[in-house]
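Order of listing sets the numbers, starting from 1, for every ligand and every atom in it. If you read the sequence from its start, that first residue is 1, and numbering goes on from there.
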Amino acid sequence: MTASTATEESATAKTGGAARPGTNPTVASLERVRVDASDRTLTTNQGVPIGDNQNTLKAGLRGPSLLEDFILREKVTHFDHERIPERIVHARGSGAHGYFEAYDALTQYTRAAPFAEKGKITPVFVRFSTVAGERGSKDTARDVRGFAVKFYTDEGNWDLVGNNMPVFFIQDAMKFPDLVHAVKPEPHHAMPQAASAHDTFWDFVSLMPESTHMLMWLMSDRAIPRSFRMMQGFGVHTFRLVNAQDESVFCKFHWKPLQGTHSLVWDEAVKISGADPDFHRRDLWEAIESGEFPEWELGLQIFTEEQAEGFSFDVLDSTKIVPEELVPLLPVGRLVLNRNPDNFFAETEQVAFCAAHIIPGIDFSNDPLLAGRIHSYVDTQITRLGGPNFHEIPINSPIAPVQNNQRDGMHRQALHRGRVSYEPNSLAGGCPFQAGTGGFVSFPAAVAEDKVRGKPEKFAEHYAQATLFFESQTAVEKAHIAAAFRFELSKVGVPAIRERMVSSLVNVSQELAAQVAAGLGMAVPAAMPRAIADPQSPEVTVSPALSLMARPGECGIRTRQIAVLVADGVHHVSLLALYNTLTAAGAVVHFVGPRVGMFAGASGEKIEADKSMENAPGFLFDALVVPDGREAVQALAGNGHTMEFIKDMFRHCKAILALGAGRELLEMAGIGPMMDKDEGILLADGADAAQIAQAFVNAVAAHRHPARDSDPPTK
Ligand code: HDE
């Protein structure tokens, strides 16, 4: 590889294909740190070639090991220090490279570089995460998901460090350590891992009515997404946009997935966490590897300070949304993730998102939760990444040139030349100069008040938007919320905590409180006293945008995982016809057998199972095909896994197609009585597989068939 092609390759790598070689100072540094194991001699960290990497240096073959073995000692010492502190929250995650493309210039509102002109491309790195679990925990825990985007803009790095829910538990950063201590494993026995279903969490939130709105989101199916690729993202806080004329508007950021918004159901999430704890991480990785690049549309809610003053809620309160019916979304661009990291540790683990990283054209609001974040992120990286120079780690280094007089510190990479490291100076011709109004200038929002600790009045209204959320859900979603409260509170050991929480829910919805109370075998308590007696009436009382099921998006079946059961004697021809239609529609079809490997079709054809019912249980798939072929059906009927496989598919409301004799397996699984009533169950003769294929595609595209949900509110 020549020097110039090496540079070009790594430029493309860093930017997901969008960089212009030669304009990116990080490219050279990346090239220096990127290591390709092929074709190289094994060396020590000092570059000394190693002759023997198998044996310790000893005094004789059976003699004692020698202290002078610097090769062994360097290797083991480095190994001893391979782990760094994990993130205190959001420890478990997955990242990918990509780009953001602006639909149009947004200069009317902001001078921020990514929105400067139509079609502008800005490289990004995105990390998705769970919040409470440790690094080695599971993906499908009930939890908030982080959705953090680092834009490598021409004017420096902008980090939009958001979540998949638009509100938060608390209104003020002062309460964040308390919240995190409450949700993390209880300190005396360090349990439970990656779960909010325990006493300390519910003790805290039931004493903090401001968290009620967020609890509704957390107990909804949004907390168990089907995929990182199928969840929304939100900036949560109100931000400011500032244009070149120094005019400012308020703004909320929304990411909408083009893959649709889909979730798991609880029983499925629990089972997946055992069979594949890496379910979401694998899904993201495999989609990108196969060229199915996930996309999101960025939408902005833009409103003026004057408008905000008239709202029934305070836009500085992160426990409140701005309903889309009040301020509609303005679509401004798209995010595409098109390259997996080369190295998980170097990139996904070492990436340092900071809520303080903003650029000219973006500014903070006075949200008191945001203020704490501006401090916290830089501070935590200093411990986590070992010092103040974490911005020099390649994944964190900006594309825009970095020039200032900060010097030294742990792990400094830059080689500053010359003797000037101060400003003003004459010895370096005054460089580097400050940019004046061309640089970042804080929006001059007026401040003239007494120093106080307290909250504005509208912050005291805690329930109107929790009610809005609940009332905007479909019946199935409401049932899932009630079931989630029931489950979580049933894990709480102290009855007074359960009761306090249900008394708070009475203020959200009598219907919800009654269902949760019934599920816990208790009477509905009196409503918790409210902090504010006569709040302003909300502008919006039902918002379809808050329901996942009301607006899942029309996304077909691309990347959907479909299990086709096989065994010796399977009717091969019908499966081939189906396979062709499903894969043409973008689905990923897996042949799943009693074991992996080759099976013989009814007419002797070979069919290979890439998965077995043992290594890939039914709940890992989005849909099921039960095959025709008498001998195969008998073999499957005799296998202990088959019934559970089918039952889980049915229980989780997924599309099922049974061909010919395969119908008997559905009957054996006890779903015979539902067969003719459920639009998610399709039956056809093996010979008619090609004809039914499109109907099956439509049934899979519906994601789920909740009419058969076993936990509706009315039963
Ligand atoms: Fe974070 N948060 N947070 N947070 N947060 C961290 O930073 C913090 C909050 C969010 O993929 C930490 O590098 C405080 C809201 C994401 O690396 C830490 C407060 C939102 C990520 C931290 C909040 C978030 C973090 C831990 C209240 C949604 C993962 C490790 C004042 C808008 C980023 C780290 C990644 C990570 C502090 C509240 C999102 C300790 C003090 C609200 C997505 O700095």
Does NZ or CZ of Lys252 lie under 6.0 Å from the centre of the six-membered ring of Phe234, at an angle within 45° of the ring axis? no
Of Leu179, Asp317, Asp367, Val144, the residue whose pairing with Phe168 passes side chain to side chain contact (heavy atoms under 4.5 Å, CB included): Leu179
Check each protein residue for a heavy atom under 4.0 Å from ligand 1 and list those that pass, ordered by chain and number. Arg87, Ile88, Val89, His90, Arg127, Gly146, Phe147, Val161, Gly162, Asn163, Phe168, Ala173, Phe176, Gly235, Val236, His237, Phe353, Leu369, Arg373, Ser376, Tyr377, Thr380, Gln381
Between Ser220 and Gln473, is there a side-chain donor-acceptor contact under 3.5 Å, judged purely by atom types and distance? no
Would you say the side-chain atoms of Asp283 and Ser227 include a donor-acceptor pair closer than 3.5 Å? yes
Please state whether the rings of His97 and Phe125 are parallel, tilted or perpendicular, taking 30° and 60° as the class boundaries. perpendicular
Please tell me if the side chains of Ser442 and Phe364 come closer than 4.5 Å, counting only heavy atoms from C-beta onward. no
